[in-house]
Amino acid sequence: MADILSEAQRCLKCKKPLCKEGCPVKTDIPIIMQMFLDGKMDEAGEKLFENNPLSALCSLICPHEKNCMGHCVLNRKGAPIKFFEVENYISTFYLEKARLNKVDQNGHMVGIIGGGPAGLTLAIILAKRGYNVTIIDSKDKIGGVLRYGIPEFRLPKSLLDKLLLRMNELGIKFRPNTLIGPTITIDDMFEDGYDAIFIGTGVWSPNRLRIKGESLGNVHFAIDYLKNPDSYTSLGDHVIIIGAGNVAMDAARTIVRKSNAKVDVIFFRGRENVTALNEEVELALVDGIKFNYYLNTVKIEEDGIIVEPVLKIENENGEIEYKNDSSNQYKINSSSVIIAIGQGAQSNIVKNTKSIDTNQKGLIQTNANGATTRPGVYAAGDVVSGAKTVVEAVEATKKAADEIDNYIRSKYGLPSCN
């Protein structure tokens, strides 16, 4: 608690806070800090929740080094303010203490497909505006990537469960174990009385390397491993992770916590090209994970991988080029291989629904406020943008919430929510 107080006291409470500008959801950081110091915990918690319903979760998993901390004016002279520590304290306190009241219903129903960050955010916002909201999810528990994609040591699931309790108080309905598309379609949902439908299904289809050996029994996809690490009981004593994004770091750091396996990360570029957060890479190194750069994987075998060096060359124009040295291929032995080179959207919904356009990557096309090419259907989060951060999903979903609200109110002649 002393460290949290000192961070709040160190904050300069800037009149033009760069930290707020660096936050995708524009959290009023100086105001929250002052509320905290003034002992206005309830007010601060409510303000954070109203601005970002996932505040308690984002405070743990946001890329702080790029967002609020990265923009703090104190970066110029020393240590930036760790607002996320104060935010987590306030938001967790609020989730544990607050009791949310169900508001009067406006008689209109919104269906949300996908119970991840985007779906949870939209459900809370629209339920607080009087909509009858149902979240439909294919998995047995609600939470999406928050539950099935982020390790427990980074995001305790008890915190997510506290949020779900507050959502129950708002009257939000949950329908788990239901895959929309093959059996129940969006057309069925409209026929059953939903006035608008939101797609927030995320990106759960792993990208392939498209090399020989990906179907072998010692090969797994990171996004699948993270869904339930305890079911992977035969990884062996040496695991290779191919890829160096945040999902790769989560998988690698989970493995070393659940086994005595040696873990190697294989990446086809250099450290400067790693997409994982710097903090996650540094923590992975502390955990004993080894990074191997400039190696291109060309084949997977039952006892390892075949790689070739990647040469970093400066051409005659001074530009950097990368060339694979196929003449010097060699083998790295391992007991298991985990592929972590990104994810794409699943096609269950769009294959069984007319008039929802997607791009070449299979991501749903929307306007700036989340409206798809089919009237009444909206989408936001990773299923639109590709894999991004949770707070970016919240940012996009807040715009979609206003768009859905305006669409229904305009269609049925309801007074403005404002």
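This structure is a prediction, so every number in the text was calculated from the model and none was measured.
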Regarding [X] and [Y], do their side chains bring together a donor and an acceptor under 3.5 Å, going by distance alone?
X	Y	value
N296	E308	yes
N52	K398	no
S55	S91	yes

Would you be so kind as to tabulate the donor-acceptor pairs closer than 3.5 Å made by side chains of residues 39-48, with sequence neighbours excluded?
| unit_1 | atom_1 | unit_2 | atom_2 | d |
| --- | --- | --- | --- | --- |
| D42 | OD1 | K97 | NZ | 3.3 |
| D42 | OD2 | K97 | NZ | 3.3 |
| K47 | NZ | D28 | OD2 | 3.4 |

By salt bridge (Lys or Arg N to Asp or Glu O under 4.0 Å), which residues pair with K351, not counting sequence neighbours?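 Once residues adjacent in sequence are excluded, K351 has no partner under the salt bridge (Lys or Arg N to Asp or Glu O under 4.0 Å) criterion.
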Contacts of E50 that satisfy salt bridge (Lys or Arg N to Asp or Glu O under 4.0 Å) - sequence neighbours left out: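 Listed in chain order: K128.
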Test ring pair (Phe, Tyr, Trp, His ring centres under 6.0 Å) applied to [X] - qualifying residues, sequence neighbours left out:
X	answer
H220	Y232
F174	none
Y148	none

Does R269 make a cation-pi contact with Y322 (under 6.0 Å, within 45 degrees of the axis)?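 Yes - R269 lies over the ring of Y322, closer than 6.0 Å to its centre and within 45° of its axis.
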Suppose the criterion is ring pair (Phe, Tyr, Trp, His ring centres under 6.0 Å): which pairs have a residue in [range], not counting sequence neighbours?
range	answer
residues 331-353	none
residues 366-401	Y378-Y407
residues 252-285	none
residues 118-144	none

Which pairs with one or both residues in residues 180-198 pass salt bridge (charged side-chain N to carboxylate O under 4.0 Å, His left out), sequence neighbours excluded?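 Of all non-adjacent pairs touching residues 180-198, those that pass salt bridge (charged side-chain N to carboxylate O under 4.0 Å, His left out) are D187-R374.
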Keeping to residues at least two apart or across chains, list the salt bridge (charged side-chain N to carboxylate O under 4.0 Å, His left out) pairs with something in residues 235-258.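 For residues 235-258, and leaving out neighbouring residues, the salt bridge (charged side-chain N to carboxylate O under 4.0 Å, His left out) pairs sorted by first residue read R154-D250, D230-K258, R253-E280, R253-D287, R257-D287.
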Using the side chain to side chain donor-acceptor pair (under 3.5 Å) rule, take N177 and D140 through it: C-alpha gap first, then chi angles, then the decisive distance, then the call. CA-CA 5 Å; N177 298 315; D140 63 330; over 6 Å; no
Lys/Arg-Asp/Glu bridge criterion (N-O < 4.0 Å) met for E7, K82: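 Salt bridge between E7 and K82, a charged N being under 4.0 Å from a carboxylate O: no.
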Less than 4.0 Å between a side-chain N and a carboxylate O, is that true for R409 and D405?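 Yes, this pair counts.
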Quick check for you: to the nearest 0.5 Å, what is the distance between T254 atom OG1 and E152 atom CD?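 Those atoms lie 10.5 Å apart.
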